[in-house]
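Here's the structure we're looking at; comments come further down.
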Amino acid sequence: MNDEAKNRPIETLRDGAIEVSIWEKQTETGTAYNTQRSRSYQDQEGQWKRTHAIPERDLLRAARLDELAYGSIQKLREQDRLQEMKEEPARRTRNRDRSR
């Protein structure tokens, strides 16, 4: 994976000004997934900015995106499990061959 891909979320969900990004991180114990919420807004000069503060009026929107992000992460975990299952027989065969 190149540096540019490392610094991008694997998925971004949006609803209006609210955004939830899903990030993937490889750890010693496997893959970890994290999320980050943000909201876009224009400042007094008309410049677009981001904040992590979610106003009351956008809480339901943010909660719905959190729920969708949870579902996406569960699908990613299932894909990880299926990939591990495919790789496991090959690993067992290699280990068996080494012990001979």
Side-chain angles (χ1 to χ4, degrees):
M1 187 180 294
N2 63 33
D3 288 341
E4 188 175 315
K6 286 182 185 177
N7 295 325
R8 290 191 175 167
I10 58 172
E11 187 173 356
T12 301
L13 306 166
R14 290 183 180 86
D15 185 356
I18 306 299
E19 181 177 285
V20 174
S21 298
I22 301 171
W23 298 83
E24 179 181 56
K25 181 179 180 180
Q26 296 301 321
T27 68
E28 291 178 10
T29 58
T31 304
Y33 296 99
N34 296 306
T35 62
Q36 183 176 28
R37 265 193 204 169
S38 63
R39 180 177 60 87
S40 300
Y41 70 96
Q42 280 185 302
D43 67 12
Q44 292 176 341
E45 290 81 39
Q47 299 295 314
W48 283 99
K49 306 279 184 170
R50 281 191 191 278
T51 182
H52 297 291
I54 307 295
E56 177 184 359
R57 69 179 180 272
D58 289 329
L59 284 176
L60 289 176
R61 210 176 261 198
R64 178 68 178 133
L65 288 175
D66 286 343
E67 184 177 13
L68 293 171
Y70 180 83
S72 290
I73 290 170
Q74 295 313 303
K75 287 178 187 173
L76 290 166
R77 288 204 178 285
E78 183 61 25
Q79 290 172 359
D80 292 345
R81 280 190 289 275
L82 291 173
Q83 185 62 35
E84 287 174 9
M85 288 171 57
K86 284 181 183 177
E87 293 171 359
E88 188 59 32
R91 253 184 288 192
R92 274 187 269 171
T93 301
R94 283 194 303 266
N95 289 339
R96 189 174 51 228
D97 291 343
R98 286 184 200 151
S99 65
R100 289 183 183 174

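Worth saying up front: this structure is predicted, and the values here are computed from it rather than measured.
Going from atom CG of Leu13 over to atom OG of Ser21 covers 8.0 Å, rounded to the nearest 0.5 Å. Between atom NE2 of residue His52 and atom CD of residue Glu19 there is a gap of 10.0 Å, rounded to the nearest 0.5 Å. With rounding to the nearest 0.5 Å, the separation of CD in Glu24 from OG1 in Thr31 is 5.0 Å. To the nearest 0.5 Å, atoms NZ (Lys86) and CD (Gln83) are separated by 6.0 Å. In this structure, CG on Asp80 lies 3.5 Å from OH on Tyr33, to the nearest 0.5 angstrom.
Taking both residues in full, the closest heavy atoms of Ser40 and Arg50 are given as OG-NH1, 3.6 Å, listed atom of the first, atom of the second, then distance. Taking every heavy atom of both residues into account, Val20 and Ala69 meet most closely at CG1-CB, 3.9 Å. Shown here for Arg39 and Ala53, the closest heavy-atom pair between the two residues is NE-O, 3.3 Å. When all heavy atoms of Trp23 and Arg8 are compared, the pair lying nearest together is CZ3-C, 3.4 Å. Residues Ala32 and Arg77 come closest through the heavy atom pair CA-NH2, 4.4 Å.
Applying the 6.0 Å contact sphere to OH of Tyr70 captures no more than 12 heavy atoms from other residues, nucleotides or ligands. Atom CG of Leu59 has more than 12 neighbouring heavy atoms from other residues, nucleotides or ligands inside a 6.0 Å radius.
The side-chain heavy atoms of Leu76 and Gln79, taken from C-beta on, include a pair separated by under 4.5 Å. By the 4.5 Å heavy-atom criterion applied to side chains, Leu65 and Ile18 are counted as neighbours. Within the 4.5 Å cutoff, the side chain of Arg14 has heavy atoms near those of the Thr12 side chain.
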Next item on the list: Kindly indicate, with the supporting measurements, whether the criterion side-chain contact (heavy atoms from CB on, under 4.5 Å) is fulfilled by Arg64 and Asp15.
Entry: CA-CA 9 Å; Arg64 178 68 178 133; Asp15 185 356; 5.7 Å; no

Next item on the list: Might you work through the side-chain contact (heavy atoms from CB on, under 4.5 Å) test for Thr35 and Ile73, ending with a clear yes or no?
Entry: CA-CA 10 Å; Thr35 62; Ile73 290 170; 3.9 Å; yes

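Look at Glu78 and Arg81 and you find a salt bridge, because one of the NZ, NE, NH1 or NH2 atoms lies within 4.0 Å of a carboxylate O, short of that distance.
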